[in-house]
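For the single chain, residues carry numbers from 1 onward in sequence order.
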Amino acid sequence: SKRVATILHGPVQTALYAAAIRVASAQKMTPAVASGIVRELETAAQRLESESVTPLDLADFVNEVSGVWGDSVSLTFTQDEKSRAALQNNPTALACVTEVVREGVNNAIKHSGARKVEIDVSCSDPLLIDVTVKNRGALEHRGSPRGFGGDVLTDLTHAWTLTDDGATTTLWAAVALDRIE
């Protein structure tokens, strides 16, 4: 049930919300636009039937998320070489970082109305991967998010914070490596 909840909260929710934005912003619902939206929703629904979720390389994952959001959101992604190498050898940590990025991007768009999101992944500690997701949106509610998203972050990270300085909202998380080389 936790896997299904995570998939529903992740790729399925992303696809549904992106589809809603596309429908709302479409000048005219052409057959091509409708067909594209249906394809994206079908792809998200197929993930529910998958026995396992194989994590993508992080850059490929961000490109996939960017494709789902299309022109409505601009994603900027940076990753240092140290974290890239560490995540290649740590599949559990890669899956956790991927979900933290998904949660950060989805929340930036859904709760802050962000149209530009910056994602940075780095390895500042030999045991941890730092993930930062920033946007110019404002938080709807101050403090830690309540609900499934906050629980996901707590379950997947060593530590995390969500801050809003009035101009920028920042999700920072540290994900522990499952294997140190």
How long is the gap from NZ on K82 to CD1 on I129, to the nearest 0.5 Å? 9.0 Å
Working note: Q79 + L58, criterion side-chain contact (heavy atoms from CB on, under 4.5 Å); need CA distance, chi angles, decisive distance, verdict. CA-CA 9 Å; Q79 182 178 20; L58 205 49; 3.9 Å; yes
With sequence neighbours excluded, tell me which residues meet side chain to side chain donor-acceptor pair (under 3.5 Å) with T78. D120
Does atom CG of D60 have more than 12 heavy-atom neighbours from other groups under 6.0 Å away? yes
Please evaluate residues W172 and V131 with respect to the criterion side-chain contact (heavy atoms from CB on, under 4.5 Å), reporting the C-alpha separation (whole Å), side-chain torsions for both, the decisive distance (0.1 Å), and the verdict. CA-CA 6 Å; W172 169 84; V131 180; over 6 Å; no
With side chains defined as the heavy atoms from C-beta onward, is the minimum distance between E103 and L153 less than 4.5 Å? yes
Partners meeting side chain to side chain donor-acceptor pair (under 3.5 Å) with S124 (sequence neighbours left out): D130
Could you go step by step and tell me if T170 and L162 meet the side-chain contact (heavy atoms from CB on, under 4.5 Å) rule? CA-CA 6 Å; T170 303; L162 183 63; over 6 Å; no
Quick one: are N107 and L171 in side-chain contact, heavy atoms under 4.5 Å? no
A173 to V100 - nearest heavy-atom pair and separation: CB-CG1, 3.8 Å
Kindly write out the residues that satisfy side chain to side chain contact (heavy atoms under 4.5 Å, CB included) with D125, not counting sequence neighbours, or none if the list is empty. L127, L128
Side chains of V73 and L75, heavy atoms from C-beta outward: is any pair under 4.5 Å? yes
Please check if the side chain of D165 supplies one atom and the backbone of T168 the other of a donor-acceptor pair under 3.5 Å. yes
Determine whether the side chains of R115 and S72 contain a donor N or O and an acceptor N or O closer than 3.5 Å. no
The side chain to side chain contact (heavy atoms under 4.5 Å, CB included) partners of A59 (sequence neighbours excluded) come to D57, F77
Can you name the side chain to side chain contact (heavy atoms under 4.5 Å, CB included) partners of S74, sequence neighbours left out? K116
Between T169 and T163, is any pair of side-chain heavy atoms under 4.5 Å apart? no
Flag, side chain of S66 to backbone of V62, donor-acceptor distance under 3.5 Å: no
Side-chain heavy-atom pair V117, T76 within 4.5 angstrom cut-off: no
Can you sort out the partners of S35 under side chain to side chain contact (heavy atoms under 4.5 Å, CB included), two or more places apart, ordered by chain and number? R39
Do you see a donor-acceptor pair shorter than 3.5 Å between the side chains of S83 and D80? yes
Rounded at 0.5 Å granularity, tell me how far CZ in R84 sits from CG in L94. 12.0 Å
Would you say D164's side chain and G166's backbone share a donor-acceptor pair under 3.5 angstrom? yes
